[in-house]
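A, B, ... follow the sequence lines: proteins, then strands. Residue 1 opens every chain. These values consider heavy atoms only, across backbone and side chains, with no hydrogens, waters or symmetry-generated copies. This structure is a prediction, so every number in the text was calculated from the model and none was measured.
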Amino acid sequence: MNPKFNASNNWQENGVEKMDSLQRDRFELLSAYLDGEVTAAERQQVRVWLDTDPSVQRQYRQLLKLRQSLQAMPVPSSGQQMPEKVLTRLDRIRNRRMVFWGGTAIAALFLAAAGSLMPRFSSEFAKSTTAPEPLMIALNQPAVKIPKAPVSARRKFKATPFQVKSY
Amino acid sequence: MNQSLPLSWSTSETTVSPTASIPTEKLPNYDLILRCQGELRPDRVAFAELLRRYQSHVDKILYHLAPDWQDRADLAQEVWIRVYRNINRLQEPVKFRGWLSRIATNLFYDELRKRKRVASPLSLDAPRMMDDGEMDWEIAADDTSPEDDLARREFYEQLRDAIADLPEVFRTTIVLREIEGMAYEEIAEITGVSLGTVKSRIARARQRLQSQLQTYLDGSL
């Protein structure tokens, strides 16, 4: 059994009434009333409860005190040096940015200078990169010229004496 | 053809503010914010003064939203860095406090999302599921006994523990309402739930805090 289901026992041990759905709805309305988040009719209803029901009056007083306590509760400070720390951090961020952009500018200048020293290279490089052609292979022609086989050369060689002979 | 427009390098000659001669620390909040907005980047002295005045407000929001985070001071610094960068965008200086709260809250949620992504979803117990979120209704088994002369500090310690023990969605909702003073609609927008859920969560959080602190809340503290 999940221990959470024993919560109601603890609830009653602590002197807290277990709320049924009607009480929960009432509490929700009272809570919204405290925040000014109710309709005119709901406001009227809560006021009637507050005028007539001591338990609602008690709950309301407790809620007001809870609100007051939440707002007045002391909170640990992030320290007196906070303004200096923030400004120092902002300076550091700004310096880092300046270094980054300075470095980028220097790199851009360097590239520009290098490009101007090699105009031919750069223009050829640009040409080769700016005019991409799709690769096309003709199926009826070899992509690479195939050298003739030695057999045909021999045949040619044989023919020559024959021709000489015929002269 | 040479036309030229008369330009003044100094804008202070043309727009002299009546508060320009007042020392920063004596400026009312509204004028202090205006001084921070006066230039491209906020004036450092004015910004430091603004930070000093509203530092406790940011600390309070972050403390209640994230009571168990050890690095809240870093988060607070981040809030002020965002303020420094964006204060020129603030249209109505009278709404600075709400604007600041919103920055702190948004930053908290950004951070929460990051941490949830990293954290393992390990849970040692199965909290009871409600239609408006998870809520463990078990009362913490502490051994406090009601004492009429309970010191205020002790009460605040109890309150602090009770807030920290609230499940996250309930804690953030009640903090947005009670500490930041947001309307239900605004809370619904920030937390991404319906108005009815906001209403229910606030009531349940109060109910739980009230039940845990009842003896103190009935007293004269």
Side-chain angles (χ1 to χ4, degrees), chain A residues 2-19 23-38 58-59 61-94, chain B residues 41 44 47-52 55-56 58-60 62-64 72-73 75-77 80-81 83-85 125-128 136-141 153 155-156 159-160 163 174-175 177-179 183-185 195 198-200 202-204 206-207 209-218 221:
Chain A
N2 191 329
K4 305 302 170 210
F5 288 111
N6 297 325
S8 60
N9 295 334
N10 290 331
W11 198 270
Q12 280 162 347
E13 277 168 25
N14 281 276
V16 183
E17 295 149 8
K18 194 181 174 218
M19 286 188 172
Q23 284 172 317
R24 248 197 324 261
D25 289 347
R26 270 191 168 204
F27 189 89
E28 198 171 296
L29 205 53
L30 186 66
S31 163
Y33 172 81
L34 188 76
D35 295 328
E37 299 267 1
V38 284
R58 182 164 163 260
Q59 275 184 332
R61 269 199 311 275
Q62 288 190 347
L63 284 179
L64 283 174
K65 185 143 188 207
L66 180 64
R67 160 171 289 178
Q68 193 192 349
S69 307
L70 275 167
Q71 287 166 358
M73 192 171 99
V75 160
S77 168
S78 52
Q80 287 189 333
Q81 303 301 312
M82 187 58 121
E84 290 76 19
K85 282 182 185 168
V86 170
L87 288 170
T88 308
R89 208 168 136 187
L90 281 162
D91 287 342
R92 218 179 298 142
I93 292 168
R94 199 174 302 132
Chain B
R41 282 196 199 122
R44 290 172 76 92
F47 179 73
E49 178 62 23
L50 186 72
L51 194 158
R52 250 176 242 118
Q55 184 180 354
S56 60
V58 172
D59 290 347
K60 191 184 243 184
L62 295 179
Y63 179 77
H64 284 107
R72 277 196 309 273
L75 209 60
Q77 278 189 30
W80 287 107
I81 284 170
V83 170
Y84 184 91
R85 286 177 178 161
D125 51 12
R128 186 173 162 190
D136 172 6
W137 287 99
E138 191 176 41
I139 303 298
R153 205 172 54 183
F155 165 66
Y156 282 133
L159 179 58
R160 193 172 296 134
I163 295 168
I174 191 77
V175 168
R177 172 62 225 162
E178 294 288 42
I179 307 297
Y184 284 10
E185 204 171 339
L195 268 178
V198 169
K199 189 175 167 185
S200 167
I202 288 174
R204 283 173 191 280
R206 278 182 174 142
Q207 200 177 326
L209 292 175
Q210 198 185 24
S211 69
Q212 284 187 282
L213 302 160
Q214 203 168 50
T215 43
Y216 312 131
L217 293 172
D218 270 338
L221 271 171

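Residues B/Lys199 and A/Glu37 are not in side-chain contact: their nearest non-hydrogen atoms beyond the backbone lie 4.5 Å or more apart. A/Arg67 has its side chain within reach of B/Arg177: a pair of non-hydrogen atoms, C-beta onward, lies under 4.5 Å apart. Side-chain atoms of B/Tyr84 and A/Leu90, non-hydrogen and from C-beta on, do get closer than 4.5 Å to each other.
Side-chain atoms of A/Gln71 come within 3.5 Å of backbone N or O of B/Glu178 as a donor-acceptor pair. Checked by atom type and distance alone, the side chain of B/Arg204 never pairs as donor or acceptor with a backbone atom of A/Arg24 at under 3.5 Å. Of the possible polar contacts, none joining the B/Gln55 side chain to the A/Gln80 backbone as a donor-acceptor pair under 3.5 Å is found. Under a 3.5 Å cut-off, the side chain of A/Gln62 and the backbone N or O of B/Gln210 do not form any donor-acceptor pair. Formation of a donor-acceptor pair under 3.5 Å by the B/Arg206 side chain with backbone atoms of A/Ser31 is found in this model.
Here the CG-CD distance, from B/Leu217 to A/Gln59, works out to 11.5 Å after rounding to the nearest 0.5 Å.
Residue contact with chain B, scored on non-hydrogen atoms closer than 4.5 Å, involves the side chain of A/Asp91 exclusively. For B/Ile202, the parts lying near chain A are the backbone and the side chain together; criterion is any non-hydrogen pair under 4.5 Å. Interface remark: A/Leu34 contributes side-chain atoms only to the contact with chain B (heavy atom separation under 4.5 Å). Heavy-atom distances place the side chain of A/Ile93, and not its backbone, under 4.5 Å from chain B.
With chain A as partner, the option from B/Arg52, B/Arg72, B/Arg160 having the largest number of non-hydrogen pairs under 4.5 angstrom is B/Arg160. Note: A/Ser69 leads A/Ala32, A/Gly79, A/Gly36, A/Ser69 in heavy-atom pairs under 4.5 Å with chain B. Comparing A/Asp35, A/Val75, A/Leu64 by heavy-atom pairs within less than 4.5 Å of chain B, the highest count is held by A/Asp35.
Within a 6.0 Å radius of CZ in A/Arg94, other residues, nucleotides and ligands contribute more than 12 heavy atoms.
Ion pairing between A/Arg61 and B/Asp218 fails under the 4.0 Å rule for side-chain N and carboxylate O.
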